[in-house]
Participant: 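Can you keep this structure in mind? I'll have questions shortly.
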Number of protein chains: 4
Amino acid sequence: MALELFAEQGYDSTSLREIADRLGVTKAALYYHFRSKEEIVVATVEDFLADIDELVAWAEDQPRTTDTRHEVLRRYAEIVRVRFPSMRFFQQNPAGIHKSGLGEQFQQRMAALHGVLYDGGPPQSRIRALLAIVGMHMAAALSGDSGMPFGGGLGLSVEEANQAALDVAFDLVDRDSTEGAEGAERG
Amino acid sequence: MALELFAEQGYDSTSLREIADRLGVTKAALYYHFRSKEEIVVATVEDFLADIDELVAWAEDQPRTTDTRHEVLRRYAEIVRVRFPSMRFFQQNPAGIHKSGLGEQFQQRMAALHGVLYDGGPPQSRIRALLAIVGMHMAAALSGDSGMPFGGGLGLSVEEANQAALDVAFDLVDRDSTEGAEGAERG
Amino acid sequence: MALELFAEQGYDSTSLREIADRLGVTKAALYYHFRSKEEIVVATVEDFLADIDELVAWAEDQPRTTDTRHEVLRRYAEIVRVRFPSMRFFQQNPAGIHKSGLGEQFQQRMAALHGVLYDGGPPQSRIRALLAIVGMHMAAALSGDSGMPFGGGLGLSVEEANQAALDVAFDLVDRDSTEGAEGAERG
Amino acid sequence: MALELFAEQGYDSTSLREIADRLGVTKAALYYHFRSKEEIVVATVEDFLADIDELVAWAEDQPRTTDTRHEVLRRYAEIVRVRFPSMRFFQQNPAGIHKSGLGEQFQQRMAALHGVLYDGGPPQSRIRALLAIVGMHMAAALSGDSGMPFGGGLGLSVEEANQAALDVAFDLVDRDSTEGAEGAERG
DNA sequence: AATGAATGAGGATTCATTCAT
DNA sequence: CATGAATGAATCCTCATTCAT
């Protein structure tokens with residue numbers, strides 16, 4: 001609800017009046033339930049962080065196999081789909097985020113998720129795990145009027161984009177185990 | 001100069017007073033040179049767009065070979081390095097962008113760049129070209145305190161990160177021509 | 001309880017939420033017992049006014065002797081000690097006082113008290129009676145962190161300050177009867 | 001100008017709108033000249049503090065005689081007359097004062113002034129010096145609609161009140177040197 | 001007897017913008 | 001060329017107060 005506005009327009013550009021109007025309440029009513037604008041955004045974003053926490057916790061209990069990594073990506077794709085506004089908010093709001101350490105919280109989660117997908121190996125593998133994650137973000141952004149860069153789609157349907165992004169992500173995190181063509185990388 | 005502020009704090013959070021102060025002039029002096037806050041940001045971001053235009057124009061004159069694609073990525077990496085604040089501004093400022101069609105301009109460029117890197121083929125290839133570009137953004141963000149998600153680095157030096165990202169990007173745009181393992185993608 | 005807040009922070013700076021919190025009740029509960037913020041302050045200050053009324057009534061029944069005046073000052077010192085927050089509130093809250101004629105009520109009492117201490121005589125005597133009263137206020141303010149001007153003490157213990165102030169006050173109201181040095185005043 | 005409002009209604013009760021209105025400018029115009037409400041009050045009160053500083057500095061250069069003390073009181077009476085709103089503001093605004101150490105500044109000055117008038121001796125002498133100062137405040141308050149307690153006058157003309165207060169103050173600070181009746185004080 | 005929820009009015013403050021000089 | 005001064009509109013936020021339950 002409020003988060004959509006934050007995500008669309010940015011934290012600063014979204015006034016409490018707008019939020020209150022959209023929610024059909026008074027500005028002052030918001031302040032009965034939240035102590036500040038910051039608290040509002042924190043509240044609306046908490047679930048997203050919690051979802052990632054849960055996913056990471058689950059992953060850390062699994063064997064570090066290809067299948068686990070794939071399942072992590074699948075689940076993360078779902079999380080991003082459901083919590084799309086939250087994700088977008090984090091990706092696009094430097095100002096609204098540096099306050100109250102919300103940015104750091106997101107970076108922590110991203111690092112944890114990355115830790116689950118990256119098993120050691122050359123810098124290239126690190127980057128690949130990174131891009132696998134970002135790929136999930138892009139997939140979500142590709143469908144619908146996301147307002148994000150690359151948004152507006154490349155002419156793919158939602159399922160197509162999702163599946164294609166997953167395929168590419170799988171491939172990216174698989175490259176590490178499938179050593180062989182690895183020698184060509186530095187050249 | 002002014003752009004760094006926009007990139008660091010966001011368009012809305014950066015006041016003209018701050019910009020004027022950092023530039024050592026008066027607020028009113030800014031209005032002698034620019035007609036509005038919007039015009040300031042447009043002016044500071046123009047070079048970045050122009051650089052991409054030039055790159056795309058050059059690429060369209062080249063044969064569509066692997067080498068060309070690699071060179072495009074290399075040059076784009078350099079552009080992003082030099083114009084980092086501009087890039088960051090585009091990625092992180094929903095508000096400052098929706099005004100005056102600046103966002104659309106960036107999306108156009110990204111689409112053009114994508115067009116140069118993507119030669120047709122399955123949706124997966126589309127996504128790969130996308131991630132190759134995003135990879136260049138990440139590489140720039142990884143070095144230094146970028147404030148972007150995944151910023152703060154993964155323990156890589158600037159050159160390492162750059163080279164690794166290029167390697168991965170090369171690999172991503174090469175996957176299209178190097179048919180063979182392609183059959184595994186759907187599984 | 002509530003009055004201490006009013007005295008410490010001033011009428012306007014003390015919100016009903018603060019009062020309710022300190023009292024361990026709800027803001028709405030306050031409105032069950034009092035009809036307005038004003039009524040709260042009136043209620044908490046009434047005892048002080050009543051004490052003065054009683055003192056003045058007693059004094060008016062006594063013979064107008066030196067001893068009576070001394071006893072009035074002693075009793076007023078005690079009142080001020082016990083009702084210190086109320087006194088402080090009156091001295092320091094122009095805003096909270098102008099409403100509902102509370103200020104006038106205090107001025108009335110001060111005038112009555114003054115009337116009991118001042119027996120006629122030159123303007124100087126008037127002023128002396130005034131300062132005798134104010135001296136009692138200062139004595140109370142001198143002990144403890146009163147927040148009043150001259151508060152914080154002059155390095156005197158509570159008893160010292162009290163006794164010294166009383167001595168001086170006695171002396172001030174005695175000057176009237178003890179004619180003699182009076183001739184020096186105009187010089 | 002603005003200070004009169006602060007003194008009349010108290011710091012908190014005086015809104016910037018009121019000040020701006022009375023000054024015939026916009027609220028925003030105030031913010032061009034002052035950085036905050038606090039700065040406004042500081043600015044309007046500075047002269048008063050400076051006057052006291054000057055007086056104390058002068059006094060400390062003089063021999064510590066009766067005449068000097070009398071002249072100090074005379075000059076302080078004049079200062080209080082001229083800067084009456086400032087003085088009143090300090091005496092009546094606990095809240096507006098605790099911020100920005102303005103209260104402490106006033107207490108410092110009062111202590112310095114007291115130091116100039118008090119030459120050692122028993123606690124009673126301390127109190128007397130205090131009351132001499134306060135007497136000057138009362139004198140100013142007695143004339144005109146001061147709004148202070150004891151304001152509204154005791155039926156004295158301005159000059160009468162002033163002269164009477166001075167007489168009493170002289171007497172108070174003289175009591176120290178004129179030892180003799182001092183023995184009766186403790187009784 | 002008490003409260004959770006809501007609100008209208010107003011608070012200080014900031015901002016992009018204008019304009020006479 | 002440049003600036004000091006000013007402003008209208010909007011910001012977040014707080015408050016005293018009300019009312020259904």
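Residue numbers begin at 1 in each chain, while the letters A, B, ... track the order of the sequences.
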Participant: When the distance from CD of C:Gln9 to C1' of F:dC15 is rounded to whole Å, what number comes out?
Facilitator: 14 Å
Participant: Taking only side-chain nitrogens and oxygens of C:His33, does any of them come within less than 4.0 Å of OP1 or OP2 of E:dA2?
Facilitator: yes
Participant: For D:Leu30 and E:dG11, give me the distance from atom CG to atom C1', rounded to whole Å.
Facilitator: 14 Å
Participant: Select from A:Thr26 and A:Tyr32 the residue whose nearest nucleotide in DNA chain E is closer to the 5' end of that strand.
Facilitator: A:Tyr32
Participant: Would a distance-only check, ignoring hydrogens and angles, find a side-chain to backbone donor-acceptor pair under 3.5 Å from A:Gln91 to A:Arg88?
Facilitator: no
Participant: Mapping A:Ser13 and C:Glu18 onto DNA chain F by nearest heavy atom, which one lands closer to the 5' end?
Facilitator: A:Ser13
Participant: Heavy-atom distance under 4.5 Å between the side chains of C:Phe34 and C:Val42, does that happen here?
Facilitator: no
Participant: Whole-Å distance between F:dT7 P and D:Leu23 CG?
Facilitator: 11 Å
Participant: Return the nearest nucleotide to the side chain of D:Val25; candidates are F:dA2, E:dT3, F:dT7.
Facilitator: F:dT7
Participant: Give me each pair satisfying salt bridge (charged side-chain N to carboxylate O under 4.0 Å, His left out) with a member in residues 31-44 of chain C, each pair once, sequence neighbours excluded.
Facilitator: C:Arg35-C:Glu39
Participant: List for me each residue that meets side-chain contact (heavy atoms from CB on, under 4.5 Å) alongside D:Ala29, sequence neighbours excluded, and say none if there are none.
Facilitator: D:Val25, D:Thr26
Participant: My understanding is that only residues two or more places apart in sequence, or in another chain, count here; which of them pass side chain to side chain donor-acceptor pair (under 3.5 Å) with A:Glu104?
Facilitator: none
Participant: Mind checking what makes side chain to side chain donor-acceptor pair (under 3.5 Å) contact with B:Arg81, not counting sequence neighbours?
Facilitator: B:Glu78
Participant: Could you run through nucleotides 16-21 of chain E and give me one letter per nucleotide, 5' to 3': B if any protein heavy atom sits under 4.0 Å from the base, S if only the sugar-phosphate is that close, - if neither?
Facilitator: BBB---
Participant: Identify, with sequence neighbours excluded, every residue that meets side chain to side chain donor-acceptor pair (under 3.5 Å) alongside B:Asp53.
Facilitator: B:Arg109
Participant: Tell me the stems DNA chain E sits in, counting at least three consecutive Watson-Crick or G-U wobble pairs, each under 3.5 Å on both distances.
Facilitator: E:2-21 with F:2-21
Participant: Can you name the salt bridge (Lys or Arg N to Asp or Glu O under 4.0 Å) partners of C:Asp12, sequence neighbours left out?
Facilitator: none
Participant: Quickly work out the D:Phe34 CZ to F:dT7 C1' distance and round it to whole Å.
Facilitator: 17 Å
Participant: Donor-acceptor pairs under 3.5 Å, side chain of residues 45-52 of chain C to any protein atom, not counting sequence neighbours: which ones?
Facilitator:
unit_1, atom_1, unit_2, atom_2, d
C:Asp51, OD2, C:Arg83, NE, 2.6
C:Asp51, OD2, C:Arg83, NH2, 3.2

